[in-house]
Amino acid sequence: MAAATTAWQPREDGLAEIFTLLEQQISPSSVADKSQIWKQLEHFSQFPDFNNYLVFILVRAEGKSIGIRQAAGLLLKNNLKRVWISMAQENQKYIKSELLPCLGAVDRHIRTTVGTIISEIVNAEGVSGWLELLPALVTCLDSNDLNHMDGAMDALSKICEDIPQVLDSEVPGLAERPINIFLPRLYQFFQSPHASLRKLALGCVNQYVIIMPAALYNSMDKYLQGLFVLANDPVPEVRKLVCAAFVHLTEVLPSSIEPHLRNVMEYMLQVNKDPDEEVALEACEFWSAYCDAQLPTENLKEFLPRLIPVLLSNMAYADDDESLLDAEEDESQPDRDQDLKPRFHTSRLHGSEDFDDDDDDSFNVWNLRKCSAAAIDVLSNVFGDEILPALMPLIQAKLSASGDEAWKEREAAVLTLGAIAEGCFNGLYPLLSEIVAFLLPLLDDKFPLIRSISCWTLSRFGKYLIQEIGNPKGYEQFEKVLMGLLRRLLDSNKRVQEAACSAFATVEEDAAEELVPHLQVILQHLMCAFGKYQRRNLRIVYDAIGTLADSVREELNKPAYLEILMPPLVAKWQQLSNSDKDLFPLLECFTSISQALGVGFAPFAQPVFQRCMDIIQLQHLAKVDPASAGAQYDREFIVCSLDLLSGLAEGLGSGIESLVSPSNLRDLLLKCCMDEASDVRQSAFALMGDLARVFPAYLQPRMVEFLEIASQQLSANLIRENLSVANNACWAIGELAVKVRQEVSPIVTNVTSSLGLILQHGEAVNKSLVENSAITLGRLAWIRPDLVAPHMEHFMKPWCLALSTVRDDIEKEDAFRGLCAVVKVNPSGGVSSLVFICKAIASWHEIRSEDVNNEVSQVLNGYKQLLGNSWAECLSALEPPVKERLARYV
């Protein structure tokens, strides 16, 4: 291919070759091997001017099919993503100069491909590197030619979507920010006779609501005016964008719509009934956003009698809902690969469980039915029983609708009852036995989707049924619900199996030890389901078994139960290969079982331990050499295996010694602690802490390295994914410290400094990391008060505040030993924080350890002597309950 020059021209033979390859690539009838074509195109990518050929084909090959030209453009876009920054300047210039005249191309496919490439270049270098771009876009927008306006608007919409901030920043050579130039033009296009331009213009402006630049804030009236003009647009996509705009404004700047609130609410109520389901769905999002924005509830209350019937009517299955097709599948039909939702293992975490869970439902399609149910749920939590007068007659009418054709109405009514179970609990509680008596027969309804929703709704009332378990009628109802759900576990319909199993797992969490008398029958049903379910639902059974183990703990450790539970699981364990992803849920399930059984898991421990070791080693090999490993690298295998090893350590206690001593776990673990993936490190530090608790001597030969790597996690960039790593590393350091004592000395100063910073910026992290930091700091202070005390003034206040929130336990005792130790070494360092020290001490309900009790008493009496008359002044700053608790010690 030709070397790039200022007047670049393609060589004919090069062009012909690329044409042929692109033609073969996009032709469905081509017999050529697509992977070979791809390799050839990749090979061409090495030539410096290959991308010039692609832009030439896109822009100038007018005799060729649009498909080939578009394929060249998309390949160019993907290449530029990788190489733009390193490309020769003359090639960059050539590509830019070819793209701009093509913004107004006659064919829309070419225009939109050009827009995509322009956005990619702006993403790489901003607009300051392409001074001709903005004037070209403005010229096209002002041209009055539909093709040019559409092409410019399309490019602009992609820039606004991918990199909105680029237009809201200063550009050298421009008197004002680009957003100030474009926004007035976009508002004008709201009134364009062309629907495509109205849609693109509104889509562009909507992208800015989240970041709210000054230009938009200052022209808010103009934006709102435009929205009201477009509110009844004949094109559904435009109405959908209007609804989205009102929802975003409600979330980001509720004050902007307050003057127009009644009009906006009236509009949203009407559009919630739009014949286009996507428009209605967007409108439906408004009600939850309204409640979250804490706008005046009295305004919304007025609308409830009209809003609730609309939401209820939208909760019935639409005729084209995918679930209606899925519901026909019985257990004899094999699962398809696309039925298996992606799954995510949550790495082990030590401390308060305050990390956001990913919504399990995130891979189900969000639709008007689910959004309406979510809105009813939110409204019930805001208004409580006040919504029942408007709601209950509608629910009763739908429930009493008879005949097969009304099954969707009945199903929607059962869904509504489940949606309001928590928010309207007080009003529904007197009707609880009536509701349950009504729902139980529906578990045997002829329609699978009524059976499945009845499982879910019963599980939503589970915790209230358990409150009634003390009286005979309540116990009888709980038993009926339990047996009803177990019966549905063995339904022949896959959808019902899934709903019953998930509902049962929820009831398990709520019922906990109340399940113990029923363990045998529960295990029989679960293992029967385990034997008949296909892959997708099998994952939910594993979850239900794991939840059962977490709920009943050591009660599971009885030979009669283990004979039912373990043989099928062990058989499945032996049947799956070390690189089979179906191992993930089984590894998780064994983790819960090993923790619940404790030493009762010993007979199964050796093969489980060895398998985890083999899996981790296989994955380390696959990472560097997939061919000789015979498997592709997937770090989730490592994470699940580390977590199961943690479960074994927790369950077996010091009994883990015989398993780990002859193994190379120590070296593997150290490697995992240094992995670049945060979830691998998170689980590795959890295992390090668990081993420190039960068998610290095993870590001894590489103790310095373990401590050093763990301490590095605390000063790392504490972005969200690193918080959990820091949390577990912090906990592990504390666990090691109390076991190996003086050996942690080399890291104490650095770790103290890191933990002090974390505590000072507690609001930027999370509760779990703050608590673990407070405890570990205390443990280090207990062991080396001389190293911690000189710095205590920097972190004493946030440290005491954090300790005040820790529950009474051994970890809190350790932390207070440290607090008392540093105060003894440096009493003056605590004077300015004395009020907080007093509050921390008063946070104890009862100090069970006699020596900690004495230490605390000594500290307070020491300050009383030190301060003399000022002691009374210090006490006067405390609330009466705090003073009352302190009186125990002084």
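Below, all heavy atoms of this structure are taken into account, side chains as well, without hydrogens, waters or symmetry copies.
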Kindly state whether the ring of Phe584 and the ring of Phe637 have centres lying under 6.0 angstrom apart.
->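 Yes; Phe637 has its ring centre under 6.0 Å from that of Phe584.
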
Centroid-centroid under 6.0 Å between Trp731 and Phe685 rings |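 When the ring centroids of Trp731 and Phe685 are compared, they turn out to be at least 6.0 Å apart.
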
Whether [X] side chain and [Y] backbone form a donor-acceptor pair below 3.5 Å:
| X | Y | result |
| --- | --- | --- |
| Tyr290 | Pro296 | yes |
| Thr547 | Asp543 | yes |
| Asp510 | Gly462 | no |
| Ser724 | Gln682 | no |
| Tyr863 | Pro827 | yes |
| Ser594 | Gly651 | no |
| Ser711 | Glu708 | yes |
| Asn853 | Ile847 | no |
| Arg666 | Tyr698 | yes |
| Asn861 | Ser857 | yes |

Is any side-chain N of the basic residue among [X] and [Y] closer than 4.0 Å to the acidic one's carboxylate O?
| X | Y | result |
| --- | --- | --- |
| Arg702 | Asp667 | yes |
| Glu676 | Lys623 | yes |
| Asp377 | Arg460 | yes |
| Asp814 | Arg817 | yes |
| Glu422 | Lys463 | yes |

For residues [X] and [Y], determine if any side-chain heavy atom of one lies less than 4.5 Å from a side-chain heavy atom of the other.
| X | Y | result |
| --- | --- | --- |
| Tyr542 | Phe590 | no |
| Asp292 | Glu251 | no |
| Leu755 | Phe795 | no |
| Glu554 | Leu597 | no |
| Leu819 | Met796 | yes |
| Glu555 | Leu515 | no |
| Ile210 | Val252 | yes |
| Ser661 | Phe695 | yes |

Taking only residues two or more places apart in sequence, or in another chain, which ones meet Lys839 in a side-chain hydrogen bond (donor to acceptor under 3.5 Å, both in side chains)?
->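 Per chain and number, Lys839 pairs via side-chain hydrogen bond (donor to acceptor under 3.5 Å, both in side chains) with no residue.
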
Any chance you could lay out the side-chain hydrogen bond (donor to acceptor under 3.5 Å, both in side chains) test for Asp385 and Asn426, step after step, and finish with the verdict?
-> CA-CA 7 Å; Asp385 301 338; Asn426 292 328; 4.6 Å; no

Do [X] and [Y] get their side chains close enough for a donor-acceptor pair, meaning under 3.5 Å?
| X | Y | value |
| --- | --- | --- |
| Ser849 | Asp851 | yes |
| Asn722 | Ser678 | no |
| Ser641 | Asp643 | no |

Report the C-alpha distance between Ser843 and Leu803 in whole Å, list the side-chain angles of each, state the deciding distance to 0.1 Å, and finish with yes or no for side chain to side chain contact (heavy atoms under 4.5 Å, CB included).
-> CA-CA 8 Å; Ser843 72; Leu803 286 175; 5.9 Å; no

Evaluate side chain to side chain contact (heavy atoms under 4.5 Å, CB included) for Met703 paired with Glu743, printing each intermediate quantity in order.
-> CA-CA 8 Å; Met703 182 69 71; Glu743 286 182 56; 4.0 Å; yes

Evaluate the ring planes of Tyr429 and Phe425, with Trp represented by its six-membered ring, and classify them as parallel (under 30°), tilted (30 to 60°) or perpendicular (over 60°).
->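 If you compare the ring of Tyr429 with that of Phe425, the planes turn out perpendicular.
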
Under the 6.0 Å and 45° cation-pi test, does Arg741 pair with Trp782?
->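 Here Arg741 passes the 6.0 Å and 45° test against Trp782.
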
Could you give me the CA-CA distance, side-chain angles and deciding distance for Glu650 and Arg693, then say whether salt bridge (charged side-chain N to carboxylate O under 4.0 Å, His left out) is met?
-> CA-CA 9 Å; Glu650 191 180 315; Arg693 292 174 92 163; 6.0 Å; no

Provide the full list of side chain to side chain donor-acceptor pair (under 3.5 Å) pairs with a residue in residues 786-806, sequence neighbours left out, each pair given once.
->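 Counting only pairs at least two positions apart or across chains, the side chain to side chain donor-acceptor pair (under 3.5 Å) contacts touching residues 786-806 are Arg784-Asp786.
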
Donor-acceptor contacts, no H, no angles, side chain residues 865-881, under 3.5 Å, sequence neighbours left out:
unit_1	atom_1	unit_2	atom_2	d
Ser876	OG	Glu873	O	2.5

Salt bridge (charged side-chain N to carboxylate O under 4.0 Å, His left out) assessment of Arg681 paired with Asp675 = CA-CA 6 Å; Arg681 295 200 309 281; Asp675 199 278; over 6 Å; no

Check the pair Glu735, Met688 against side chain to side chain contact (heavy atoms under 4.5 Å, CB included), reporting the backbone distance first and the verdict last.
-> CA-CA 9 Å; Glu735 290 297 332; Met688 173 181 152; over 6 Å; no

